[in-house]
Peer 1: 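One structure, pasted below without further comment.
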Amino acid sequence: MTTPSPQSAIQPTRDEDYPEWYQQVIKASDMAENSPVRGCMVIKPWGFALWENIVRIVDARLKAIGVRNAYFPIFIPLNFLEKEAQHVEGFAKECAVVTHHRLEKGADGGLVPAGELTEPLIVRPTSETIIGDSFSKWVKSYRDLPILINQWGNVVRWEMRTRIFLRTSEFLWHEGHTVHATAEEAMRLTQSILDIYVDLAENCLAMPVIAGKKSPAERFPGADDTLTIEAMMQDRKALQAGTSHFLGQNFARAQQIKYQDANEQEQFAWTTSWAVSTRLLGGLVMTHGDDDGVILPPRVASSHLVLLPVIRKAADQGPVMEYVDALARSLRAVDYHGQPLRVEVDARDTGGARNWDWIKKGIPLRIEIGPRDLAKDAVFFSRRDRDHRDKTAMRRAEFVAGVTGLLDDIQQTLHSRALAFQQANTRSIDTEEDFYDYFTPKRIERPEIHGGFALAHWCGDARCEEKIKSDLGVTIRCLPFDEDRFAPAPGKCIACGRQSPRRVIFAKSY
RNA sequence: CGGGGCGUGGCGCAGCCUGGUAGCGCACCUGCUUUGGGAGCAGGGAGUCGGAGGUUCAAAUCCUCUCGCCCCGACCA
């Protein structure tokens, strides 16, 4: 007898231990691994390809609205961070500081830092201050505005608690920074960027999000307004997946970003900043993954399909491989949303294990090609969004002609599934008792997956928000924009019972 | 930083309580047999047990310190 196969490729399952499942999925899918440096990660090719696809999509969207790329230093003079009070408070606690510029042989033969810097440099946790410094020099006249800048890069935040992709000490992102002559224009830009993020999440990542505005307590340090997209992970916690900030004139005043208007009056400019990061990859895993591994949405998938030659006899080797290569060529010539299909050929002779590798990696389509398919000029494929035993035979020409439709269908399925999950775990709650019950696990020692999004009334008082946060670890994720789904209506605050103009979304979050 | 759990070949784990220089499954390599599938048999490579110190004739096993990971809390764009 053979050893019985496990129920699922990933253990533990999501139900058994969600955080551990997440770690195992990332390992099994070969997306990334922990690095020797605390809190940092090595993003492996299969994970990085996802990021590259996100980069390509976002970059094109930004350029389409006139944003141009630039690059600013990773090091920021210490005093730059001191300029905006809220900003200092927000980031000072988590900055890596460079104090030396040389290493020398120490007494014990090891290397010790030497050459102390006159002024320490911080490794950017975000670049508002150093980019603002440039902006203050670039902006003279209203004719110079707007300035729309983006940079792709890395940032470092010395986090207390890290989780691969979701919160790492170093992560990759893009950060946009803009300068405008009027508040209205800056606010519009802030919103346009959020629209891009919504489109990215919904249409490319198949990740349903709720767009909205942050409560004052949850805003970016130094911002007048923070817009956000919030996604629901399969443990029903919220993931802030992208933010766009209207910075008002706060940074402009702090950094002297001024221009002369048409009336020869000197004015402070209005700025914005916005970002999405490699955190999205964690979101992807936790939105679509199942107990067999990752499931990649085709629009951003590292590869779209893998061809798995099935060779029984040596005599079949040549013909099968020829057929496979020809099929690979014709598939690579197919255009999928402006990109050639990404096709893998895996000719390893490792039996069924080979198939499971690709299941765990989440490739959307797996195609087996054996002698029988040659005879029938057919393919035999399975979709990652369906059971792994669910296989379909199809004429080769029909498959090649219909493959983009198949991929779009998978994309659609993933989105619908995730949306149904989000909706099933979103509830309107009207009493404090229900609210506390909703967010309190039944098992104390090892809490089960519980809660979700709660649509509840909030009076607007930060003290009510704070009470709920300290009692339950639940925060206001956003004041949602979508008035069709979340129509404002008066009610009573879930915490204090006073009048409330509208419901907001409460949830536990990453 | 506080509370809890854990660190043994690539992955998952046993051994530790009752000290005597390491074992299992998977993966990997070789051969044969298989082949629409998480194959079978045989052989093989790989770890000194997170790190440092201590106790001891002897430590993965006991003690101390330390690093890292996970969970809860604090904190967090």
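Remember, it's a predicted structure, so these values are computed and weren't measured experimentally. Just so we're on the same page: letters track the sequence lines, and every chain starts at 1.
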Peer 1: Which is more 5' along RNA chain B, the nucleotide nearest Y510(A) or the one nearest Q24(A)? Just name the residue.
Peer 2: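 Per heavy-atom nearest nucleotide, the more 5' residue is Q24(A).
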Peer 1: Within a reach of under 6.0 Å around CZ of R463(A), are more than 12 heavy atoms found that belong to other residues, nucleotides or ligands?
Peer 2: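 No, CZ of R463(A) has 12 or fewer neighbouring heavy atoms, counting only those of other groups under 6.0 Å.
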Peer 1: If we call it a pair only when both distances are under 3.5 Å in a Watson-Crick or G-U wobble match, what pairs with G10(B)?
Peer 2: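 Pairing partner: C26(B).
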Peer 1: Counting Watson-Crick and G-U wobble pairs only, both distances under 3.5 Å, name the nucleotide matched with G73(B), or none.
Peer 2: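 Checking every strand shown, G73(B) finds its partner in C1(B), with both distances under 3.5 Å.
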Peer 1: Find the distance R354(A):CZ to A39(B):C1' and express it as a whole number of Å.
Peer 2: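 These atoms are roughly 13 Å apart.
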Peer 1: For T162(A), which contact category applies under a 4.0 Å heavy-atom criterion: base, sugar-phosphate, or nothing?
Peer 2: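 Sugar-phosphate, backbone atoms only, no base.
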Peer 1: Does the salt bridge (charged side-chain N to carboxylate O under 4.0 Å, His left out) test come out yes or no for E230(A) and K214(A), once each step is laid out?
Peer 2: CA-CA 10 Å; E230(A) 300 283 327; K214(A) 284 292 187 186; 2.8 Å; yes
Peer 1: Does the structure show a Watson-Crick or G-U wobble partner for C32(B), both distances under 3.5 Å? Name it, or say none.
Peer 2: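 Result: G40(B).
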Peer 1: Can a side-chain donor-acceptor contact be found between R188(A) and T190(A) if the only test is distance below 3.5 angstrom?
Peer 2: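 Note: T190(A) and R188(A) side chains miss the donor-acceptor criterion.
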Peer 1: Roughly how many Å is it from CG in L472(A) to P in C72(B), rounded to a whole number?
Peer 2: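 Rounding to the nearest Å, CG of L472(A) and P of C72(B) are 15 Å apart.
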Peer 1: Using atom P in both nucleotides, what's the gap between C57(B) and G47(B) to the nearest angstrom?
Peer 2: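 That atom pair is separated by 30 Å.
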Peer 1: Can you tell me the pairing partner of C62(B) across any strand shown, Watson-Crick or G-U wobble, with both distances under 3.5 angstrom?
Peer 2: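 Answer to the pairing question: G54(B), which forms a Watson-Crick or G-U pair with C62(B).
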Peer 1: Using the P atom in both, what is the distance from C41(B) to A27(B), to the nearest Å?
Peer 2: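 Each nucleotide's P atom is 12 Å from the other's.
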Peer 1: With a 4.5 Å heavy-atom cut-off, do W274(A) and I196(A) have their side chains touching?
Peer 2: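 No, side chains not in contact.
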Peer 1: Could you give the distance separating C26(B) and G45(B) at their C1' atoms, to the nearest angstrom?
Peer 2: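 Straight-line distance between the two C1' atoms is 16 Å.
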Peer 1: Examine distances only and state if a side-chain atom of Q255(A) and a backbone atom of T129(A) form a donor-acceptor pair shorter than 3.5 Å.
Peer 2: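 Looks like yes, one N/O pair under 3.5 Å.
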Peer 1: Establish, yes or no, whether a centroid distance under 6.0 Å links the rings of F439(A) and F506(A).
Peer 2: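 Distance test on ring centres: not under 6.0 Å, no.
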Peer 1: Check whether S302(A) reaches the backbone of A49(A) with its side chain - one donor and one acceptor, N or O, closer than 3.5 Å.
Peer 2: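 It does not hold such a pair.
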Peer 1: Answer yes if the side chains of D235(A) and Y510(A) hold a donor-acceptor pair under 3.5 Å, and no otherwise.
Peer 2: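 Yes.
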Peer 1: Short of 4.0 Å, heavy atom to strand atom, which residues of residues 370-392 of chain A count as contacting RNA chain B?
Peer 2: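 By residue number: G370(A), P371(A), R372(A), D373(A), F380(A), K391(A).
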Peer 1: What pair of heavy atoms forms the shortest contact from A241(A) to M207(A), and how long is it?
Peer 2: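 Of all heavy-atom pairs spanning A241(A) and M207(A), the closest is CB-SD, 4.5 Å.
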Peer 1: When rounded to the nearest Å, what value does the distance between P atoms of C72(B) and U35(B) take?
Peer 2: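 Going atom to atom, P in each nucleotide, I get 50 Å.
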Peer 1: P atom, G5(B) versus C62(B): distance in rounded Å?
Peer 2: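 Straight-line distance between the two P atoms is 15 Å.
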Peer 1: Under 4.0 Å between any heavy atoms, over every strand shown, what does Q240(A) touch: base, sugar-phosphate, or nothing? Just pick one.
Peer 2: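 Touches sugar-phosphate only.
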Peer 1: If I take atom CZ in residue R167(A) and atom P in nucleotide G73(B), what distance separates them, rounded to the nearest angstrom?
Peer 2: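 From R167(A) CZ to G73(B) P: 13 Å.
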Peer 1: Of I369(A) and I164(A), whose closest RNA chain B nucleotide lies nearer the 5' terminus?
Peer 2: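 Upstream on the strand: I369(A).
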Peer 1: Assess whether a salt bridge exists between K44(A) and E33(A), defined as any Lys/Arg side-chain N lying under 4.0 Å from an Asp/Glu carboxylate O.
Peer 2: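 Answer for the salt bridge query: yes.
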Peer 1: Measuring only the C1' atom in each nucleotide, how far is G12(B) from C6(B)? A whole number of Å is fine.
Peer 2: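 Straight-line distance between the two C1' atoms is 14 Å.
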Peer 1: So does R384(A) pair up with D290(A), basic N to acidic O under 4.0 Å?
Peer 2: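 Looking at R384(A) and D290(A), the cut-off is met.
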Peer 1: In whole angstroms, how far is the C1' atom of C1(B) from the NZ atom of K93(A)?
Peer 2: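 Rounded to whole Å, this separation is 14 Å.
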Peer 1: Under a 4.0 Å heavy-atom cut-off, which of residues 300-311 of chain A touch RNA chain B?
Peer 2: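 Those residues whose heavy atoms fall under 4.0 Å from RNA chain B, taken from residues 300-311 of chain A in numerical order, are V310(A), I311(A).
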Peer 1: Heavy atoms under 4.0 Å, any strand shown: does W173(A) hit a base, just sugar-phosphate, or nothing?
Peer 2: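 Result for W173(A) = base.
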Peer 1: What contact category does T126(A) fall into here, base, sugar-phosphate, or nothing, at under 4.0 angstrom with non-hydrogen atoms?
Peer 2: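 Base: the residue T126(A), judged by heavy atoms under 4.0 Å, touches a nucleobase.
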Peer 1: Taking the side chain of D349(A) as its heavy atoms from C-beta onward, which of U34(B), C76(B), C11(B) lies nearest to it?
Peer 2: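 Nearest to the side-chain atoms of D349(A), counting from C-beta on, is U34(B).
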Peer 1: Considering only side-chain heavy atoms of R161(A), which listed nucleotide, C76(B), U34(B), A74(B), is closest?
Peer 2: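 Among C76(B), U34(B), A74(B), the one nearest the side chain of R161(A) is A74(B).
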Peer 1: Atom CD of Q11(A) and atom P of G25(B): how far apart are they, to the nearest Å?
Peer 2: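 Value for this atom pair: 17 Å.
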Peer 1: Find the distance K44(A):NZ to G10(B):P and express it as a whole number of Å.
Peer 2: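 After rounding, the gap between these two atoms is 13 Å.
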Peer 1: Give the nucleotide from the list C71(B), C75(B), G38(B) with an atom nearest to the side chain of K360(A).
Peer 2: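 The closest nucleotide is G38(B).
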Peer 1: Check whether the ring centres of H87(A) and F220(A) lie less than 6.0 Å apart, and answer yes or no.
Peer 2: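 That pair passes the under 6.0 Å test.
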Peer 1: May I ask you to evaluate whether Q23(A) reaches the phosphate of C70(B), defined as a side-chain N or O under 4.0 Å from OP1 or OP2?
Peer 2: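 Checking C70(B) against Q23(A), a side-chain N or O does come within under 4.0 Å of OP1 or OP2.
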Peer 1: So R163(A), base contact, sugar-phosphate only, or nothing? Heavy-atom distance under 4.0 Å.
Peer 2: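 It contacts sugar-phosphate atoms only.
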Peer 1: Say whether H177(A) and S273(A), considering side chains only, have a donor N or O and an acceptor N or O under 3.5 Å apart.
Peer 2: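 There is no such pair between these side chains.
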Peer 1: Identify the nucleotide, in any strand shown, that forms a Watson-Crick or G-U wobble pair with C49(B), with both distances under 3.5 Å; if there is none, say none.
Peer 2: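 Base-paired to nothing in any strand shown.
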Peer 1: At under 4.0 Å between heavy atoms, what does G242(A) touch on the DNA or RNA strands: base, sugar-phosphate, or nothing?
Peer 2: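 The residue G242(A) makes no contact with any strand.
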Peer 1: Taking atom P of G36(B) as reference, at what distance in whole Å does atom CD1 of I359(A) sit?
Peer 2: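 In whole Å, G36(B) P and I359(A) CD1 are 17 Å from each other.
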Peer 1: When both hydrogen-bonding distances must be under 3.5 Å and the geometry is Watson-Crick or G-U wobble, what is C16(B) paired with, if anything?
Peer 2: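 Per the H-bond distance test, none.
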Peer 1: I want to check one thing: is the phosphate of G12(B), taken as OP1 and OP2, less than 4.0 Å away from some side-chain N or O of K27(A)?
Peer 2: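 Indeed, a polar side-chain atom of K27(A) lies that close.
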Peer 1: Please measure how far the P atom in C70(B) lies from the corresponding atom in U8(B), and state the result in whole Å.
Peer 2: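 Nearest-Å result for C70(B) against U8(B) at atom P: 14 Å.
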Peer 1: In this structure, how many angstroms lie between the P atom of C72(B) and the CG atom of D17(A), rounded?
Peer 2: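 It is 10 Å, rounded to the nearest whole Å.
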Peer 1: Between G7(B) and U61(B), how far is it from one C1' atom to the other, in whole Å?
Peer 2: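 Those two atoms are separated by 15 Å.
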Peer 1: Within the structure, does a side-chain N or O atom of R38(A) lie under 4.0 Å from either OP1 or OP2 of G68(B)?
Peer 2: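 Looking at the OP1 and OP2 atoms of G68(B), one of them is under 4.0 Å from a side-chain N or O of R38(A).
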